[in-house]
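Remember, it's 1-based here, ligands and their atoms both numbered in the order they're listed.
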Amino acid sequence: MRTGTKGQAIQRPKGMPDTVGADADAWRAVQQEAMAFLRRAGYQEMNTPILEHTELFHRGVGESTDIVNKEMFTFEKGDRSLTLRPEGTAGVVRAFIENGLHRWPKPVKLAYFGPMFRYERPQEGRQRQFHQLGCELFGQDTPEADAEVILLAVGLLEHLGVEGITLHINTVGEADDRQRFRDALKQQVAPYLDELCPDCQRRYGQNPLRMLDCKVPSCRAHYDGEAMSAFLAHFPWSQPSYGQYQQTLAILSACGVTYVENPRLVRGLDYYTRTVFEITGERLGAQNAVCGGGRYNQLVEGLGGPNTPAIGWAMGVERLHSLMPTREKTPPLFYIVHDDAPSAFALAQWLRQQPERLGWGGSASETAGKLMVECDLSGKPLGKQFQAADKRLATAVIIWGESERSAGQYRVKWLADGRHETATSQDELLAVLMTGESLPGNTRQ
Ligand code: HAM
């Protein structure tokens, strides 16, 4: 273990950011708004542990995937191997089986939000700790279910004001289709295998589908070339999987959703069958997928549950956040300068409760209708407390000194223009703060 030098500052682990202040507020607002959106479509929140038994991901995500091979944070505890979850679906499926949710009326619709961990090389848009918002629909294997889940992802992005997105969609067929596809792809690639990058040569043996994802230009030249395009366009996927895919596309078109059929979209996890999709954001750069998902009809059974078809997606919340338009600013801060802590604290507490009492705090947005109220804690003279209010970028100061108390008055000073207002009751004070305007008969200086 590296111990460093005593007294030296300790840094956060690489690729695992801290969030603070306005960033943390904005972050929570996205979570609340997105979960509320999914709840309105009938999805119930599910929380699963951040740690799972390592075996879950080996069996769930797949032995041959990069995630399981290279990217998991795994450690031993006692005689068990545990792993920080690299994605949400495997844990949700485990919990679905373990809690008997397969006995609920179908479809069972679940949503989740939380941190995920992948040991990848950090870069713009790619972190080792990131967050996913996801939803999973169990028990229905229809084009309607596929379309609902995809429309939900597109609708949520629209609801959050995200523009410039593209929906990519493909089918990867049934499990035996995949085996046929793997074999045919290998045959297709075999003549130029020597020219491919070392990663693709490894994928050729372990996980050939992932070759199509390679970003190396010399490999791309082969995969994007005419021969590969013709091979992909004519691969004979079996029915009914292909029919389901076509019907899903028809529903999306009827709903006015544009998409790009992308036969090179294979996804990085092994559990997919039939329809798969990704949503990219044009402002995202190299790591441009904001959402990925698809159908996984064998996973519940593969993890020991009854045969249950399922489909879902997950969004990277950091990427989502960077695509969203700038949200409202933090709410105004009112700073109480005072020489009597008990009555000043009581006033602060009363003010903080009022917007909710009046029904102004119920908006989905985190800060709408809220008052931020702080009391000076320094015990210093009022003049010094004014300086502290300035430093905290307060919108206004509520002056609660000896003379105000004896006159039964609350004085407000707006710091931007030095304007003063006076209120003679707490309710009047609240009105002054909420409207930012003078009440009739108040003095201005
Ligand atoms: P995934 O494509 O691996 O799918 O991840 C979903 C999303 O998580 C990505 O589109 C991306 O936005 C975000 N993401 C992934 N890795 C990182 C990273 N290192 N840093 C930042 N963001 C990242 C899944 O995880 C599947 N479980 C989705 C699913 C749900 N399929 C069916 N149901």
Any sub-3.5 Å donor-acceptor pair from [X]'s side-chain atoms to [Y]'s backbone N or O?
| X | Y | result |
| --- | --- | --- |
| Ser253 | Ile251 | no |
| Asp23 | Thr19 | no |
| Arg267 | Glu278 | no |

With a cut-off of 4.0 Å, which atoms of ligand 1 are near a heavy atom of [X]?
| X | result |
| --- | --- |
| Ala314 | 6 (C), 7 (C), 28 (C), 29 (C), 30 (C) |
| Gly125 | 20 (N), 21 (C) |
| Gly292 | 10 (O), 28 (C), 29 (C) |
| Glu136 | 30 (C), 32 (C), 33 (N) |
| Glu87 | 25 (O), 26 (C), 27 (N) |
| Gly293 | 31 (N) |
| Val290 | 10 (O), 12 (O) |

key: Check against side chain to side chain donor-acceptor pair (under 3.5 Å), Arg126 and Gln123   = CA-CA 5 Å; Arg126 188 162 75 191; Gln123 63 179 81; 2.9 Å; yes
Is there any N or O on [X] that sits under 3.5 Å from an N or O of ligand 1?
| X | answer |
| --- | --- |
| Gln127 | yes |
| Gly316 | yes |
| Thr89 | yes |
| Leu269 | no |
| Gln132 | yes |

Name the closest protein heavy atom to [atom], giving the residue it belongs to and the distance to 0.1 Å.
| atom | result |
| --- | --- |
| atom 14 (N) of ligand 1 | Phe130 CE1, 3.5 Å |
| atom 3 (O) of ligand 1 | Arg118 NH2, 2.9 Å |
| atom 32 (C) of ligand 1 | Gly312 O, 3.2 Å |
| atom 9 (C) of ligand 1 | Ala289 O, 4.0 Å |
| atom 26 (C) of ligand 1 | Tyr271 OH, 3.3 Å |

ask   = Are Arg39 and Glu45 close enough for a salt bridge, meaning some N to O gap below 4.0 Å?
value = yes
Over all heavy atoms of both residues, which pair between [X] and [Y] is shortest? Give the atoms and the distance, please.
| X | Y | answer |
| --- | --- | --- |
| Leu133 | Trp313 | O-CZ3, 3.6 Å |
| Ile97 | Gly305 | CD1-N, 3.6 Å |
| Ala90 | Glu87 | N-OE2, 2.7 Å |
| Gly62 | Asp270 | CA-OD2, 3.5 Å |

message = Once you measure the plane-to-plane angle for Phe235 and Trp237, does it fall in the parallel (<30°), tilted (30-60°) or perpendicular (>60°) bin?
response = perpendicular
key: Mutual orientation of the aromatic rings belonging to Phe138 and Phe96 [parallel < 30°, tilted 30-60°, perpendicular > 60°]   = parallel
Option among Asp146, Asp177, Asp141 that satisfies the salt bridge (charged side-chain N to carboxylate O under 4.0 Å, His left out) test with Arg274 = Asp141
request  = Could you tell me whether Tyr119 approaches ligand 1 through its side chain, its backbone, both or neither, with non-hydrogen atoms closer than 4.0 Å?
outcome  = neither
request  = Classify the contact between Tyr272 and ligand 1 as side chain, backbone, both or neither, using a heavy-atom distance cut-off of under 4.0 Å.
outcome  = side chain
task = Assess Gly268 for proximity to ligand 1: is some non-hydrogen atom of it under 4.0 Å away?
result = no
key: Best match, Arg126, Arg267, Arg121, Gln287: closest heavy atom to atom 1 (P) of ligand 1   = Arg267
ask   = Ring centroid separation for Phe73 and Tyr119, is it under 6.0 angstrom?
value = yes
